[in-house]
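The shown structure was predicted, so the numbers you read here are calculated from the model rather than taken from an experiment. The first residue of the sequence shown is numbered 1, and numbering continues consecutively from there. For the numbers below, each heavy atom of this structure counts, side chains included, while hydrogens, waters and symmetry mates do not.
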Amino acid sequence: MKTNSKQLGSAEIMSTAEGRQYHIGLAPGEVAPFILMCGDPARAEKVARLFDEAKAPIAHREYVTVTGKYKGVPVSIMATGMGPDNTEIAVVELSQVVKNPTFIRIGTSGANKENISNGDLVVSSGAVRLENTSTYFVHEGFPAVASHEAVLALLESVKRTGAKFHLGLTASMPGFYGAQSRTTPFFKPRFKDLPGELATMNVSNNEMEGSSLFTLAAMAGFRAGMVCGIIAERHKNRFISPEGLAKVEMDCIKCGLGAVEVLAKMDKARGSEPYWTPGMLLKA
C-alpha cells in the first residue's frame, strides 16, 4: 500500500492519498460513528449478521470491519485482534476517519470475584491500567474510566438480554498467561495470584483491551464503554462450556448493539446539550 504521512504535532499518521489508514485499511466514509469492537473476527461476523443491512467486510492485516445499520442506526463492528497495542492502533487510526466516534467493546473475560460466574456479563465502570501501552500517552496515575453515557446505555441494554450482570471495575492485562498468573509447564508467572489480589480490591474481572480504549478515548474526548462475558472463573480455575460460551457471547453482542440503540436515543433527547442527564427523561 503506497502511503504518505500526515503530520500531527510530533507524530505521523500513515495513510494513502485517499486517507486509507495504514493498519486498519479504512478511509473516511467507511466507518459509522458508533463502533463496536471485539477481538475475534468470527465474533464480528456474528454481529454483522444481526445488522438490518451490511456492506462487504473490509479486512486488512488482522483488522476486520463491517459497517451497516442496526434498527436504523449506522454502526460498525471491528475485530481488532487481542491486546492493548492492537486496540491503540485501532483507536488512533479510527479517529482519523470518523468524526467524534463512540466505542463500545464487546469482549470476553475472566472473573475474579466469587459472586461472578461463567455466563454472567460485566459492564465496566472503569479499568485498572495493568497494561503499559497507555503509559506512552499519559501518566501512570491517569484514570481509565468509561463514559457515563456509555455505562448507562449498557446497563439499560443488558437488562433486556435476561442475563445475570454486574457493574464493576475491570483489570486490563498486557498478556494472557504470565500477566494473569497462569502457570504452564515451562513458564512460571512472577506474580502468583493476581486475580486473587484484584478480588480483594473489588475488581470484578480481567481482560486485555479496556484500559487502553478508555484512556485513549478520554484523552480525545470520545465516548467509550465495555461489556464482557465471563468465560472463566479464576477463583475456581473453571472455564465455561462450549454451549455456555455461545450463549454468553450472543448476550454480550446483543447488549452492545442495544447500547448503540439507546445511545442514539439519548443523543436525540440531548439535542444541543453537551451531556445527557437523567432530567432529560422528564422532557421526553
Side-chain angles (χ1 to χ4, degrees), residues 34-40 42-47 49-50 70-71 75 77-80 82 87 102-128 144-173 176 180 195 198-199 202-211 213-214 217 223-236 238-263 266:
F34 289 104
I35 304 168
L36 297 179
M37 305 177 81
C38 64
D40 186 359
R43 189 178 311 143
E45 183 179 342
K46 292 174 184 177
V47 174
R49 288 181 195 148
L50 298 178
Y70 179 75
K71 296 192 176 180
V75 61
I77 172 66
M78 172 183 276
T80 64
M82 295 179 288
T87 300
T102 293
F103 299 102
I104 301 290
R105 171 166 149 70
I106 47 173
T108 55
S109 64
N112 298 322
K113 297 169 63 178
E114 293 187 4
N115 68 316
I116 302 177
S117 303
N118 285 331
D120 294 357
L121 296 178
V122 175
V123 174
S124 301
S125 56
V128 182
V145 293
S147 158
H148 81 282
E149 293 179 2
V151 171
L152 288 173
L154 285 164
L155 288 175
E156 177 62 30
S157 178
V158 74
K159 292 188 296 182
R160 303 174 187 174
T161 68
K164 181 182 176 184
F165 67 93
H166 311 265
L167 172 67
L169 293 171
T170 297
S172 294
M173 315 302 219
F176 185 80
Q180 298 189 39
L198 290 164
N202 202 30
V203 177
S204 298
N205 60 323
N206 308 322
E207 50 81 74
M208 296 187 290
E209 292 83 17
S211 68
L213 171 62
F214 290 164
R223 290 187 301 199
M226 179 167 68
V227 58
C228 289
I230 298 299
I231 63 170
E233 298 170 1
R234 296 305 311 280
H235 46 87
K236 296 179 181 177
R238 183 167 65 190
F239 275 82
I240 199 168
S241 68
E243 298 79 14
L245 175 60
K247 182 181 184 303
V248 75
E249 183 180 42
M250 187 53 63
D251 286 342
C252 191
I253 289 170
K254 289 180 178 178
C255 180
L257 285 170
V260 167
E261 181 187 7
V262 173
L263 281 165
M266 290 167 68

Separation of Met173 CE from Met208 CE (nearest 0.5 Å): 10.5 Å

Give a yes or no on whether Met250 atom CE has more than 12 heavy-atom contacts from other residues, nucleotides or ligands under 6.0 Å away. yes

Got a second to check how far Leu198's CG is from Arg234's CZ, nearest 0.5 Å? 10.0 Å

Atom of Leu154, atom of Ala259 and distance for their closest heavy-atom approach: CD2-CB, 3.6 Å

Could I get the full list of side-chain contact (heavy atoms from CB on, under 4.5 Å) partners for Ala111, not counting sequence neighbours? Ile116, Ile230

Quick one: does Glu233's side chain have a donor or acceptor within less than 3.5 Å of a partner on Asn118's backbone? yes

Taking all non-hydrogen atoms of both residues into account, name the closest pair between Ala79 and Ala44 and its distance. CB-CB, 4.0 Å

Got Val128 and Ser211 here, is their nearest side-chain heavy-atom distance under 4.5 Å? no

Check whether any side-chain heavy atom of Gln180 lies under 4.5 Å from a side-chain heavy atom of Pro195, and answer yes or no. no

Where is the tightest heavy-atom contact between Cys252 and Ile106, given as atom of each residue plus distance? O-CG2, 3.6 Å

Does the side chain of Val260 reach to within under 4.5 Å of the side chain of Leu36, using non-hydrogen atoms? yes

Would you check if the side chain of His235 reaches a backbone N or O of Lys113 as a donor-acceptor pair within less than 3.5 Å? yes

Cys38 to Arg43 - nearest heavy-atom pair and separation: CB-NH1, 3.7 Å

All heavy atoms of Ala146 vs all of Phe214, minimum pair found to be CB-CZ, 3.7 Å

Quick check against the 3.5 Å criterion: does Asp120 have a side-chain atom that pairs as donor or acceptor with the backbone of Phe165? no

For a 4.5 angstrom cut-off between non-hydrogen side-chain atoms, does Met266 reach Glu156? no

To the closest 0.5 Å, what do you measure between CG (Leu121) and CG (Asp251)? 5.5 Å

Could you give me the CA-CA distance, side-chain angles and deciding distance for Lys247 and Glu243, then say whether salt bridge (charged side-chain N to carboxylate O under 4.0 Å, His left out) is met? CA-CA 6 Å; Lys247 182 181 184 303; Glu243 298 79 14; over 6 Å; no

Nearest 0.5 Å, what's the CD1-CG distance between Ile104 and Leu213? 8.5 Å

Under the side chain to side chain contact (heavy atoms under 4.5 Å, CB included) criterion, do Leu155 and Lys159 qualify, and how do the steps go? CA-CA 7 Å; Leu155 288 175; Lys159 292 188 296 182; over 6 Å; no

Within-4.5 Å side-chain heavy-atom neighbours: Arg223 and Phe34: yes

Side chains of Glu207 and Val122: closer than 4.5 Å at any heavy-atom pair? no

Within-4.5 Å side-chain heavy-atom neighbours: Asn115 and His166: yes

Side chains of Leu263 and Glu149: closer than 4.5 Å at any heavy-atom pair? yes

How many angstroms lie between NZ in Lys236 and CD in Glu114, if you round to the nearest 0.5 Å? 7.5 Å

Here the pair of heavy atoms bringing Cys228 nearest to Arg105 is SG-NH2, 4.3 Å

